[in-house]
Amino acid sequence: MKKIEAIIKPFKLDEVKEALHEIGVSGITVTEAKGFGRQKGHTELYRGAEYVVDFLPKVKLDVVVSDDMAERVLEAIAAAAQTGRIGDGKIFVTPVDTALRIRTGERDDAAI
């Protein structure tokens, strides 16, 4: 199993959710986040004063899928989240040793 974590722009969430639904992903966890990458935030003007916005709003998605589905999930998220502009985000893939569904006690692939 693989855990796929994606950091994306908030307005791309619906498109990514639809793309994952189309390839058969049954569940995702979504967390509101703030952060910055290479762009290091940006400056804004408020009531005549300029200030730096260090942390930009982002959305973090967590998806756990079987090994054979991981590449399709990766490609679906990347295609749906891409705008071609700086700050589109990142995707991280890590191995998952065990999954347990608390309600039924099912383990691993049966739990996801």
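Residue numbers start at 1 and run along the sequence shown.
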Where do I91 and E5 land on the side chain to side chain contact (heavy atoms under 4.5 Å, CB included) test, with the steps shown first?
-> CA-CA 6 Å; I91 302 173; E5 296 176 66; over 6 Å; no
Apply side chain to side chain contact (heavy atoms under 4.5 Å, CB included) to the pair V16 and L61, showing each step before the final yes or no.
-> CA-CA 9 Å; V16 171; L61 304 174; 3.4 Å; yes
May I have the step-by-step check of side chain to side chain contact (heavy atoms under 4.5 Å, CB included) for M69 and V25, ending in yes or no?
-> CA-CA 9 Å; M69 205 166 163; V25 172; 3.8 Å; yes
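Side-chain atoms of D88 never come within 3.5 Å of backbone atoms of Q82 as a donor-acceptor pair (strictly under, hydrogens ignored). In terms of modelled atom types and a separation under 3.5 Å, the side chain of D67 and the main chain of M1 share a donor-acceptor contact. Within the 3.5 Å criterion, the main-chain N or O of A99 finds a donor-acceptor partner in the side chain of D108.
The existence of a salt bridge linking R72 and E75 is excluded, since no basic side-chain nitrogen approaches an acidic carboxylate oxygen closer than 4.0 Å.
A distance of 6.0 Å separates NZ of K3 from OG1 of T94, quoted to the nearest 0.5 Å. The structure places NZ of K60 at 9.5 Å from CZ of F92, a figure rounded to the nearest 0.5 Å. Atom CZ of residue R107 and atom CG of residue L100 lie 5.0 Å apart, to the nearest 0.5 angstrom. Note that the CD atom of E15 and the OG1 atom of T83 stand 10.0 Å from one another [nearest 0.5 Å]. In this structure, L13 CG and K58 NZ are separated by 13.5 Å, a value rounded to the nearest 0.5 Å.
Heavy atoms only, all atoms of each residue included: S66 and D109 are closest at CB-OD1, 3.9 Å. Across A19 and A76, no two heavy atoms sit closer than the pair CB-O, 4.0 Å. The two atoms that bring I8 and A81 nearest to each other are CG2-CB, 3.7 Å, heavy atoms only.
The environment of NZ in K9 is crowded: more than 12 heavy-atom neighbours from other residues, nucleotides or ligands sit within 6.0 Å.
Under the 4.5 Å side-chain contact rule for hydrophobic residues, V63 and V59 share a cluster. Under the 4.5 Å side-chain heavy-atom criterion for Ile, Leu, Val, Met, Phe, Trp and Tyr, I23 and I77 are members of the same hydrophobic cluster.
Of the listed residues (V96, L20, V65), just one forms a side chain to side chain contact (heavy atoms under 4.5 Å, CB included) with I4, and that residue is V65.
Take E106 and apply the salt bridge (Lys or Arg N to Asp or Glu O under 4.0 Å) test, not counting sequence neighbours, and it matches R101.
Looking at V93 and L74, their side chains come closer than 4.5 Å, going by heavy atoms from C-beta outward.
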